[in-house]
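This report concerns only the one structure given below.
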Amino acid sequence: MVAEFLLSVITGGGIMADRRHLCIVGGGIMGLAHAWLAAENGWRATVFERGRIAEGASIRNFGMVWPVGQPPGQPLATALASRRRWLTLAAEAGIRADPVGSIHIARQEDEWAVLREFAEQGLELGYEVGLLSADEVHARSPAAARGLIGGLWSGTELAVDPPAAVAGVARWLAVAHGVEFHFGTAVSAVETGCVRTADGRVWPCNRAVICGGADFETLFPQVFAAATAAGLTRCKLQMLSTGPQPAGFRIGPHLAGGLTLRHYRAFEICPSLEAVRLRVAAEAPELDRFGIHVMASQDASGRVILGDSHEYDAGIAPFDSAEIERLILRELEYLIALPEPTIDRRWHGVYAKYPAALQFAAEPLPEVWVRTGPGGAGMTLAFGLAEQDWCGAF
């Protein structure tokens with residue numbers, strides 16, 4: 001009788017006894033990925049997002065789907081699986097997923113050595129990469145700054161527009177897959193068999209997935225206390241963008257500077273990377289202090305998105321730093337030259353990072369999953385991570 005009563009309180013179309021129901025806490029890219037995989041596997045999916053829109057790290061990023069940054073093996077395979085799903089979204093939902101590729105630019109000999117080493121190993125490891133001369137870099141990107149040695153081309157990177165993409169995926173899931181969305185709805189508790197929302201409603205489900213991003217404590221504080229002790233951290237980044245570039249100017253591929261080699265684990269296969277790290281630490285320790293490396297992407301409107309920095313846990317302040325912005329802009333002068341470089345937007349994002357794995361995964365109660373911490377690579381990994389979860393669940 002209790003189960004029948006719980007079924008009767010479901011609104012928005014009801015739940016059938018022969019169709020399993022997934023409740024998802026969080027409407028960012030990780031939550032959307034699980035909703036899609038659940039629907040593909042024949043489940044009914046309901047997404048709860050406490051904001052009127054998803055407004056966390058999923059919309060505060062470069063819009064880069066970035067397989068080239070993932071280490072070889074399973075991480076790269078996961079990123080490439082996500083890439084395939086983004087291309088499906090482009091074809092079926094009309095969401096921008098532009099295969100622009102990327103160029104890592106070298107201005108120093110030690111950076112060029114890293115790129116040569118990566119290119120020598122990359123094809124056998126599954127990367128779609130090759131070296132470019134300085135002239136070839138400029139032929140592919142009119143925005144690349146002068147004075148460079150060469151670059152590393154990768155053909156796997158996509159450009160998406162994060163706010164439009166996250167909203168568009170939600171709309172498409174609702175229309176094409178019947179996923180139910182409840183925005184402006186906070187979840188107050190998750191138990192085996194149901195989700196409770198702050199308005200007093202009870203939503204029975206066969207499984208719940210909590211994708212709360214950098215919100216560690218709200219629902220299962222004891223789980224996240226143990227996770228943070230194991231290395232789960234919050235990371236704050238500062239970002240900037242120009243206005244739309246004049247006369248339809250496009251930068252072409254995503255661009256990344258030599259500093260970026262320090263940031264992405266893919267380049268740890270290169271013996272010369274240590275020389276880059278030591279040089280930067282000696283010449284510009286302020287860049288290590290704030291975790292600064294520089295990249296550039298461009299959205300559909302022509303805005304060029306620039307960044308970024310990395311501050312962790314106790315180092316995170318509620319206020320943005322003028323010094324960090326100055327350093328980012330200083331280093332960007334060596335990466336990119338734009339017709340209109342004026343900055344007209346500034347923001348920061350906070351995401352969760354779990355160095356021990358591609359994501360933090362826990363099951364605090366039977367059929368209650370916690371999934372967070374893709375480490376700033378949610379746009380790159382979320383769909384592939386959800387695929388792995390759902391393939392392993394049957």
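For this chain, numbers begin at 1 and follow the sequence in order.
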So [Y] and [X], do their side chains get closer than 4.5 Å, heavy atoms only?
X: Pro204; Y: His21; result: no
X: Leu76; Y: Pro67; result: yes
X: Gln359; Y: Leu381; result: no
X: His34; Y: Arg207; result: no
X: Phe183; Y: Arg52; result: no
X: Val190; Y: Phe220; result: yes
X: Leu158; Y: Leu87; result: yes
X: Ile105; Y: Tyr334; result: no

Nearest 0.5 Å please: distance from the [atom1] atom of [X] over to the [atom2] atom of [Y].
X: Gln298; Y: Ile305; atom1: CD; atom2: CD1; answer: 7.5 Å
X: Leu237; Y: Ile292; atom1: CG; atom2: CD1; answer: 11.5 Å
X: Glu180; Y: Phe48; atom1: CD; atom2: CZ; answer: 7.0 Å
X: Gln108; Y: Leu259; atom1: CD; atom2: CG; answer: 9.5 Å
X: Ile210; Y: Arg371; atom1: CD1; atom2: CZ; answer: 10.0 Å
X: Leu115; Y: Leu152; atom1: CG; atom2: CG; answer: 5.0 Å

Looking at [X] and [Y], would you say the former's side chain and the latter's main chain have a donor-acceptor pair under 3.5 Å?
X: Ser272; Y: Asp110; result: no
X: Thr242; Y: Val304; result: yes
X: Arg262; Y: Gly291; result: no
X: Glu325; Y: Leu329; result: no
X: Ser82; Y: Gly384; result: yes
X: Ser141; Y: Ile251; result: yes
X: Arg277; Y: Leu261; result: no
X: Thr260; Y: Val294; result: yes
X: Glu157; Y: Ala159; result: no
X: Gln245; Y: Leu338; result: no

Inset, instruction - Name the orientation class of the two ring planes belonging to Trp36 and His177 (parallel below 30°, tilted from 30 to 60°, perpendicular beyond 60°). - result: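 Aromatic pair Trp36/His177 classed tilted.
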Legend entry - Aromatic ring pairing His310/Tyr351, orientation class (parallel under 30°, perpendicular over 60°, tilted between):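 Aromatic pair His310/Tyr351 classed perpendicular.
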Legend entry - Arg346 and Asp320 ion-paired at < 4.0 Å: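 Result for this pair is no, no salt bridge flagged.
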Legend entry - salt_bridge(Arg330, Glu286) N-O dist < 4.0 Å: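 Glu286 and Arg330: salt-bridged.
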Inset, instruction - Verify whether the ring centers belonging to His104 and Phe267 lie closer than 6.0 Å. - result: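 Close enough - the centres of the two rings lie under 6.0 Å apart.
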Would you give me the side-chain donor-acceptor pairs under 3.5 Å for residues 128-135, sequence neighbours excluded?
from	atom 1	to	atom 2	distance (Å)
Ser133	OG	Glu136	N	3.1
Ser133	OG	Glu136	OE1	3.4

Inset, instruction - Examine Arg85 relative to Trp172 and say whether NZ or CZ is less than 6.0 Å from the centre of the six-membered ring and inside a 45° cone about the ring axis. - result: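 No; the conditions do not both hold, so Arg85 does not lie above the ring face of Trp172.
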Legend entry - Listed once per pair and sorted, the salt bridge (charged side-chain N to carboxylate O under 4.0 Å, His left out) pairs that draw on residues 162-172, sequence neighbours left out: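 Not a single pair qualifies under salt bridge (charged side-chain N to carboxylate O under 4.0 Å, His left out).
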So which heavy atom on [X] is nearest to which on [Y], and how close?
X: Gly151; Y: Ile103; result: CA-CG2, 4.2 Å
X: Thr218; Y: Arg50; result: OG1-NH1, 4.3 Å
X: Ala79; Y: Gln70; result: CB-CG, 3.9 Å

Inset, instruction - Determine, step by step, whether Glu109 and Arg279 satisfy the salt bridge (Lys or Arg N to Asp or Glu O under 4.0 Å) criterion, reporting the C-alpha distance in whole Å, the side-chain angles of both residues, the deciding distance to 0.1 Å, and the verdict. - result: CA-CA 11 Å; Glu109 289 294 340; Arg279 175 179 56 79; over 6 Å; no
Legend entry - salt bridge (Lys or Arg N to Asp or Glu O under 4.0 Å) assessment of Arg250 paired with Asp98: CA-CA 13 Å; Arg250 303 295 301 181; Asp98 191 358; 5.4 Å; no
Inset, instruction - For Asp344 and Arg303, run salt bridge (Lys or Arg N to Asp or Glu O under 4.0 Å): C-alpha distance rounded to whole Å, both residues' side-chain angles, the deciding distance at 0.1 Å, then the answer. - result: CA-CA 9 Å; Asp344 78 345; Arg303 292 180 179 274; 2.8 Å; yes
Inset, instruction - Verify the distance criterion only: is there a donor paired with an acceptor across the side chains of Ser102 and His254 at less than 3.5 Å? - result: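 Note: Ser102 and His254 side chains miss the donor-acceptor criterion.
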Inset, instruction - Scan side-chain atoms only and decide if Gln388 and Thr78 contain a donor-acceptor pair under the 3.5 Å cut-off. - result: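 Indeed, the side chains of Gln388 and Thr78 share at least one donor-acceptor pair under 3.5 Å.
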Is the [atom1] atom of [X] crowded by more than 12 outside heavy atoms at less than 6.0 Å?
X: Arg265; atom1: CZ; value: no
X: Glu124; atom1: CD; value: no
X: Phe290; atom1: CZ; value: yes

Donor-acceptor pairs are to be reported for all side-chain atoms of residues 55-62 against protein atoms at under 3.5 Å, with residues two or more places apart or in another chain.
from	atom 1	to	atom 2	distance (Å)
Ser58	OG	Ile29	N	2.9
Arg60	NE	Glu55	O	2.8
Arg60	NH1	His348	O	3.0
Arg60	NH2	Glu55	O	3.0
Asn61	OD1	Gly63	N	2.8
Asn61	ND2	Ala57	O	2.9
Asn61	ND2	Ser58	O	3.0

Inset, instruction - For the pair Glu217 and Arg234, evaluate salt bridge (Lys or Arg N to Asp or Glu O under 4.0 Å) and give the outcome as yes or no after the intermediate values. - result: CA-CA 12 Å; Glu217 300 91 351; Arg234 289 184 178 91; 2.9 Å; yes
